[in-house]
Amino acid sequence: MSRDSTDTGYSPTAPALPPAQAEDLLEWYDRHAREMPWRTGPRARAAGIRPDPYRVWLSEIMLQQTTVAAVRPYFEAFTARWPDVTALAAAEDAEVMAAWAGLGYYARARNLLKCARAVAGEHGGVFPADHAALLKLPGIGPYTAAAVAAIAFDIPATVVDGNVERVMARLHDEPTPLPAAKPVLTRLAADLTPETRPGDYAQAVMDLGATICTPRNPACGLCPWRPSCAGWHAGTAPALPAKTPKARKPIRRGIAYLARRVDGAWLLETRPEKGLLGGMLGWPGSDWIDAAAGAPTDAPPIRAEWKTLPEEARHTFTHFHLRLEIRTALVPMDRTPERGGFVPLEEFRPADLPTVMRKAFDLARPR
DNA sequence: AAGCCGTGGGA
DNA sequence: TTCCCAAGGCT
């Protein structure tokens, strides 16, 4: 037993011999591992090919709360433009934020740069092959430290993400709702982690959760762990894990001002580093206030004849729905904005904007 | 230590 | 339409 395993998932006293369950899963993984751009498959790994820690780290940051399909093109673009951690560390902040635009959770991009610069400056451009050292780096928490340690360095660390929580809850028929059940599920996962092939095992558990032990309609008939699954025997598996209900999202309203100068330049501003869409480019606008609290305050960034579009932009964030009124204006060359700055037409790429700002642009763009 | 922080796809 | 969900971390 890994009696002294911690919440970080690192399990220094895992069993010397993998339990039969781990072997069953690895055997399944050898036949069903999915191809991904950042992955060294079980055959290559068995042939001694090691994954590149930079690519493992980059993919794991991108995959936080984000689907494989959404990550794929961003991963390709980042690795083509910045092939190693030293190159990324040397990039401009605005370049990286623009390249991340559309992927969401923009604090990840800010921490990505901080982490790359820490690795370049304090670790000689080499990711530390050490769970505790990884955990200290910006943007690397318990899950990512364990994932990089296991996948990149074959350290027997236990990864616990949403997939693993679901698999463990079903395997052990654990009725406690999340997030309260997290410590219990972490311990159960640590107790299964083998000493051999920890990198393949980590990916195998997550693949199992992503392809077989899915949130809805799990394919129990194809599952290598079905014989030992308490949730399957009890018939409770599809309903697990239990979760405490979430509050409904409130509606907020705001106004965005899209000013186009007669030479085609657009008036934009860089948002503050902290908070919603921190560090990203956006349209100047009002605060976004709860719809029940009244109407947003008119706050045009430049003197102009503003026209309100008939259609508002709608967007849903993690914790609220936004309805954004769009106002547009065409302004002469000699007028100075009170907020933001004009970006010349040839330098402006809508793809550099976070999605809500791009939606506003799509409604306002000249046709 | 709960609340904050995006997005797109599927049911 | 609405809600849920995804390879979480930070404060």
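The structure displayed is predicted, hence computed values, not measured ones. We name chains A, B, ... by the order of the sequence lines, and we start the count at 1 in each one.
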Taking atom CG of A:Asn217 as the centre, does the number of heavy atoms from other residues, nucleotides or ligands within less than 6.0 Å exceed 12?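 Result for CG/A:Asn217: open.
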
Determine whether more than 12 heavy atoms belonging to other residues, nucleotides or ligands lie under 6.0 Å from atom CZ of A:Arg248.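 Open: at most 12 neighbouring heavy atoms sit under 6.0 Å from CZ of A:Arg248.
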
Which residues share a ring-ring contact (aromatic ring centres under 6.0 Å, His included) with A:His172, sequence neighbours left out: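 Here no residue qualifies.
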
A:Tyr201: which residues meet the ring-ring contact (aromatic ring centres under 6.0 Å, His included) condition with it, sequence neighbours left out?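 Checked A:Tyr201 against ring-ring contact (aromatic ring centres under 6.0 Å, His included); zero matches.
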
Between C:dG8, B:dG8, B:dT7, spot the one nearest the side chain of A:Asp161, thanks.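 Between C:dG8, B:dG8, B:dT7, the one nearest the side chain of A:Asp161 would be C:dG8.
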
For [N] and [X] - does any side-chain N or O of the residue sit under 4.0 Å from the phosphate oxygens OP1/OP2?
X: A:Thr355; N: B:dG8; result: yes
X: A:His319; N: B:dC4; result: no
X: A:His315; N: B:dG6; result: no
X: A:Tyr105; N: C:dC10; result: no

Which whole number of Å gives the distance between the P atom of C:dT11 and that of B:dG6?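 Pairwise P distance, C:dT11 against B:dG6, rounds to 14 Å.
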
In residues 59-68 of chain A, what residues come within less than 4.0 Å of DNA chain B, judged by heavy atoms?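 Those residues whose heavy atoms fall under 4.0 Å from DNA chain B, taken from residues 59-68 of chain A in numerical order, are A:Gln65, A:Thr66.
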
Close residues, residues 267-283 of chain A, relative to DNA chain B [heavy-atom separation under 4.0 Å]: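 Residues of residues 267-283 of chain A that come under 4.0 Å of DNA chain B are, in numerical order, A:Gly275, A:Leu276, A:Leu277.
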
What's [X] touching, base or sugar-phosphate or nothing? Going by heavy atoms closer than 4.0 Å.
X: A:Gly102; value: sugar-phosphate
X: A:Pro179; value: nothing
X: A:Met36; value: base
X: A:Arg34; value: base

Spacing between [X] atom [atom1] and [N] atom [atom2], to the nearest angstrom:
X: A:Met357; N: B:dG6; atom1: CE; atom2: P; value: 11 Å
X: A:Lys182; N: C:dG8; atom1: NZ; atom2: P; value: 9 Å
X: A:Arg108; N: C:dT11; atom1: CZ; atom2: P; value: 16 Å

Apply side-chain hydrogen bond (donor to acceptor under 3.5 Å, both in side chains) to [X] and list each qualifying residue two or more places apart in sequence or on a separate chain.
X: A:Asp130; result: none
X: A:Thr67; result: none
X: A:Asp24; result: none

Atom pairs, protein N/O to nucleotides 3-5 of chain C N/O, distance under 3.5 Å:
{"residue": "C:dC3", "atom": "OP1", "partner": "A:Arg248", "partner atom": "NE", "Å": "2.9"}

Residues two or more places apart in sequence or in another chain: which of them pass side-chain contact (heavy atoms from CB on, under 4.5 Å) with A:Ala291?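 In terms of side-chain contact (heavy atoms from CB on, under 4.5 Å), with neighbours along the sequence ignored, A:Ala291 is linked to A:Ile251, A:Arg253.
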
Whichever hydrophobic residues join A:Leu267 through chains of side-chain contacts under 4.5 Å: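 A:Ile255, A:Tyr257, A:Ile302, A:Trp306, A:Val331, A:Phe342, listed by chain and number.
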
Is there any ring-ring contact (aromatic ring centres under 6.0 Å, His included) pair reaching into residues 68-90 of chain A, and which pairs are they, with sequence neighbours excluded?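 Residue pairs with at least one partner in residues 68-90 of chain A: A:Trp38-A:Phe75, A:Phe78-A:Trp82, A:Phe78-A:Trp100.
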
Pair listing, salt bridge (charged side-chain N to carboxylate O under 4.0 Å, His left out) test, anchored in residues 305-318 of chain A, at least two apart: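 Listed by first then second residue: A:Glu312-A:Arg314.
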
Tell me if the aromatic rings of A:Trp266 and A:Trp283 count as close, with their centers under 6.0 Å from one another.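 Distance test on ring centres: under 6.0 Å, yes.
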
Is A:Tyr143 side chain donor-acceptor paired with the C:dG8 base, going by distance under 3.5 Å alone?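 Between C:dG8 and A:Tyr143, which were checked side chain against base, a qualifying N/O pair under 3.5 Å is absent.
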
Is there, by distance only and without an angle test, a donor paired with an acceptor across the side chain of A:Thr318 and the base of B:dG6 below 3.5 Å?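 Answer yes: a donor N or O sits under 3.5 Å from an acceptor.
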
